[in-house]
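One structure is given below, encoded as structure tokens.
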Amino acid sequence: MVRIARLVWTTVLALAVVVSVSGPVSADPAPPAQHDDSPGSRLLLAVAGLPPVQALLQITRQLFGPDGTYLPWAYQLAPLPIPHTPTVNECPSGQVSCVDEVIAELERRAAVMRATCDDNAPFLLTYLDITKAERHTAGSVGGFADPAYLNNEDVHFADYYFHAIDNYYHGDRNSVPEAWQYNFRTSDAHSVTVLGSAVLAYNAHITRDLPYTIADLGVTAPDGASRKPDSERVSAMLTAAEPQVLEKLTALYGDSDPTLAAGLGVEPMVFMSVGQMMQIWREYAWRAAEQLLLAPTPQQRGLISAQIEGVSNLLAEIAARLFARDDPQPHLGNCPRAPG
């Protein structure tokens, strides 16, 4: 558990790093009547103009280009030897059609959320784009060693989100994990910025849901090969898709949250920082899943589960405080710009 403890604190630090590397926002000729504002937003905008940050920005652009470079350090961390132990199989065929069903459901929900200015929309819209990108990779020759496994993972992973949001709004709210409750409460109250809303949701989905997803599906193939190389390929795919996802989020919500546009002003620093944070979160999720599978008794597994919930809840609390809006009341829902 020492390794997991180190990853926990690295994850906390990574969240802080993302908050410290954004840049100045360009002048808006027609600012909206209401901007999101928060301690994190002010810190992002203030730090960006500092000469050392601007100097570092120029260096990173020269070294890594505008979109940054994926630094696959997690490849160096070997997986633990664990038998083939799957407990779920929601996509028995392993066909990409299973992912198409997930995409269709995300699109259905996205249409409703956009129409109602739901603050849950920023996460869902980016999650939709990422799922489409992973579907494309899974369908490409050589994209993943075992695309059927990844398709199954996409379905099971999405179900954790669907169950959380459906139970919160239409079912048993007490059964919803606390990290997700943080996200839904702040969305309903419009109490965090657009960026904060996305961070809260990704925290719940990756640091809380992903360990259970990986453990449910198992970390080892029937032939004894580790699933970790494909997990690392997903991290690389996420990094490759990240600039387009952030650009789309900025196009939709840049008027509401100036820090989104600010981030695009200091690429590749933001792209690289977010990519590293995601890689840390995903590596943590893999190691937490290993610990779940290695737990010798239900009691030990319960302790590991409690630690997973605790880490996710801690990060949710940090994000909720950091991106808490303190702009004038009343807080209104964030409406995305119309397409086109």
Tabulate below the donor-acceptor pairs under 3.5 Å that side-chain atoms of residues 86-96 make, not counting sequence neighbours, or state none.
residue, atom, partner, partner atom, Å
T87, OG1, D216, O, 3.0
N89, OD1, N152, ND2, 2.7
E90, OE2, H156, ND1, 2.3
S93, OG, Q95, N, 3.2

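Between the CZ atom in R325 and the NE2 atom in H190 there is a gap of 8.0 Å [rounded to 0.5 Å]. Here the CD1 atom belonging to I308 is positioned 9.5 Å from the OG1 atom belonging to T207, to the nearest 0.5 angstrom. For the atom pair CD1 (I165) and CE (M113), the distance works out to 3.5 Å, reported to the nearest 0.5 Å. Note that the CD1 atom of I304 and the CG atom of L292 stand 6.5 Å from one another [nearest 0.5 Å]. The CD atom of E232 sits 8.5 Å away from atom CH2 of W286, with the distance rounded to the nearest 0.5 Å. If you take CG on N334 and OG on S187, they are separated by 9.5 Å, rounding to the nearest 0.5 Å.
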L80 and Q291: side-chain contact (heavy atoms from CB on, under 4.5 Å), yes or no, with the steps? CA-CA 10 Å; L80 296 179; Q291 295 301 315; 4.2 Å; yes
Apply side-chain contact (heavy atoms from CB on, under 4.5 Å) to S197 and N183, showing your working. CA-CA 7 Å; S197 178; N183 175 72; 4.3 Å; yes
Run the side-chain contact (heavy atoms from CB on, under 4.5 Å) check on V192 and Y182 step by step: do they pass? CA-CA 11 Å; V192 296; Y182 265 107; over 6 Å; no
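The side-chain heavy atoms of E107 and K132, taken from C-beta on, include a pair separated by under 4.5 Å. For the pair W281/V311, no side-chain contact is recorded, criterion being any heavy-atom separation below 4.5 Å from C-beta on. With contacts defined as side-chain heavy-atom distances shorter than 4.5 Å, the pair F323/T186 does not qualify. Between I130 and V245 there is a side-chain heavy-atom pair separated by less than 4.5 Å. For the pair D166 and R109, the minimum side-chain heavy-atom distance is below 4.5 Å. Between L249 and L125, the closest side-chain pair of non-hydrogen atoms is not below 4.5 Å. A 4.5 Å side-chain heavy-atom check between E153 and I214 finds at least one atom pair inside the cut-off. Considering only heavy atoms from C-beta on, R114 comes within 4.5 Å of L252 through its side chain.
Closest non-hydrogen pair, A289 versus A215, comes out as CB-N, 3.8 Å. Summarising the geometry of R282 relative to S235, their closest heavy-atom pair is NE-OG, 2.9 Å, with the distance given to 0.1 Å. Between A320 and L200 the shortest heavy-atom distance is N-CD2, 4.1 Å. Across all their heavy atoms, A145 and D230 have their closest contact at N-OD1, 2.9 Å. In terms of heavy atoms, E309 sits closest to P177 at OE1-CB, 4.2 Å. In terms of heavy atoms, R337 sits closest to A251 at CD-O, 3.0 Å.
Taking the six-membered ring for Trp and thresholds of 30 and 60 degrees, H205 and Y127 have ring planes more than 60 degrees apart, a perpendicular arrangement.
In terms of hydrophobic clustering, with Ile, Leu, Val, Met, Phe, Trp and Tyr side chains grouped at heavy-atom distances under 4.5 Å, L303 and L314 are assigned to different clusters. The same ILVMFWY cluster, assembled from side-chain heavy atoms under 4.5 Å apart, contains both Y202 and F162.
Panel note: side chain N167, backbone R173; no donor-acceptor pair is recorded below 3.5 Å. Looking only at distances, no side-chain donor or acceptor of R135 sits under 3.5 Å from a matching main-chain atom of D100. No donor-acceptor pair closer than 3.5 Å links the side chain of E134 to the backbone N or O of V234. At least one donor-acceptor pair closer than 3.5 Å links the side chain of N203 to the backbone N or O of S312.
When each of Y168, F123, Y161 is checked for a ring pair (Phe, Tyr, Trp, His ring centres under 6.0 Å) with F184, only Y168 meets the rule.
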